[in-house]
Amino acid sequence: MKRGEPKSVECKCAGGKVCRCVPGGLSVEAYFLKYAFPCAFITLQRGAINQKTYDRLEKAAVRGDSLTRKELEKVFAAADRRMDILVRERGYKKWSFELVQDYYWKWHDRFIKDGEGSYRFAPKVLKELCRVLSGTVVRVRKEAAVIRFKGGKTRPVMTALTGPLKKGDKVIVHYGYAVEKII
Amino acid sequence: MCLAIPGKIVAKKGKSVTVDYGSEKRQANIIDGKYKVGDFVIVQGKIVVDKVPVAQVKKWHGFLKETSKK
């Protein structure tokens, strides 16, 4: 996916319905889940979801499966609330690919900086991990990779959501996961 | 395989560490960065992702407690 050029195509989604997908065959729900899943461990820790639900989310995120919008909105209530703000204030269409991508690539960081919702109480390290950043793979390990960000800081991440990466790949990172390869 | 609270490294053998969460202990691997026994860390999947300064550990618990009420 080329950054800044969100494009969607028609494909088959949950229940065999025709819906809008991103190149690579992901539905907008599956694409959202890839980005949202890395913060599900916070949701699990808070007790808002149980381990069984977490495991199911992980499996779907790794496989690129679609879950229902209703479930995603419930589990990732904060992301849903913030995307609703963008729908109201910025004119995005609910559950459009453009909204999901812009939310994570562009607006997510601003919500963190503004201390929206629970970010107000979040410790600094958590807020930093929470940011959606792009970086370059500098080292590859089993099921993991080390990413270098602009400025030189590095972070180890799991590669379950992207599949194996190679040195030089550019990726988007959220918490301890590489989420998507970019060009 | 992951906990959203900082755990304390209680043992280190090469690149493998044992992280104590009070109620349980977990194993994780270091693939980047320098860590020592006594450090508080965040583990995601099977890897140590970041270090948490002691001053922030308490804040972290407060954050989870505060946001769990909602």
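The model shown is predicted, which means the values in this text are computed figures rather than measured ones. Below, chains carry the letters A, B, ... as their sequence lines are ordered, and counting in each starts from 1.
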Heavy-atom contact with chain B under 4.5 Å, split by part of [X]:
X	value
A/L129	side chain
A/A48	neither
A/A145	backbone
A/E143	side chain
A/K127	neither

Fill in: Atom NZ of A/K74 with >12 non-hydrogen neighbours under 6.0 angstrom
no
Discussion item. For B/K51, is the NZ atom crowded, meaning more than 12 foreign heavy atoms sit under 6.0 Å from it?
Written reply: yes
Worksheet item: Side chain of A/R139, backbone of B/I31: donor and acceptor closer than 3.5 Å?
Response: yes
Worksheet item: Do B/Q56 side-chain atoms and A/V125 backbone N/O form a donor-acceptor pair below 3.5 Å?
Response: yes
Fill in: CZ on B/F63 to CZ on A/R120, rounded to 0.5 Å
11.5 Å
Item to complete: Applying side-chain hydrogen bond (donor to acceptor under 3.5 Å, both in side chains), name anything that partners A/R90, two or more places apart in sequence or on another chain.
Response: none
Fill in: Sorted by number, residues from residues 78-88 of chain A in contact with chain B (heavy atoms, under 4.5 Å)
none
Fill in: chain B contacts, top residue of A/A77, A/C39, A/P123, A/A122 (heavy-atom pairs, under 4.5 Å)
A/P123
Practice prompt. State, yes or no, whether a side-chain contact exists between B/V49 and A/V157 at a heavy-atom distance under 4.5 Å.
Written response: no
Practice prompt. Kindly indicate whether the side chain of B/W60, heavy atoms from C-beta on, has any atom under 4.5 Å from the side chain of A/K124.
Written response: no
Worksheet item: What about B/V10 and B/Y21, same hydrophobic cluster or not, with Ile/Leu/Val/Met/Phe/Trp/Tyr joined at side-chain heavy-atom distances under 4.5 Å?
Response: no
Worksheet item: Do A/R155 and B/D32 sit within salt-bridge range, that is, some charged N less than 4.0 Å from a carboxylate O?
Response: no
Practice prompt. Heavy atoms only: give me the nearest B/Q44-A/Y175 pair and the separation to one decimal.
Written response: OE1-CB, 3.3 Å
Worksheet item: Is chain A contacted by the side chain of B/V48, its backbone, both, or neither, given a heavy-atom distance below 4.5 Å?
Response: backbone
Discussion item. Which residue in the set B/D50, B/I47, B/N29 passes side chain to side chain contact (heavy atoms under 4.5 Å, CB included) when paired with A/P156?
Written reply: B/I47
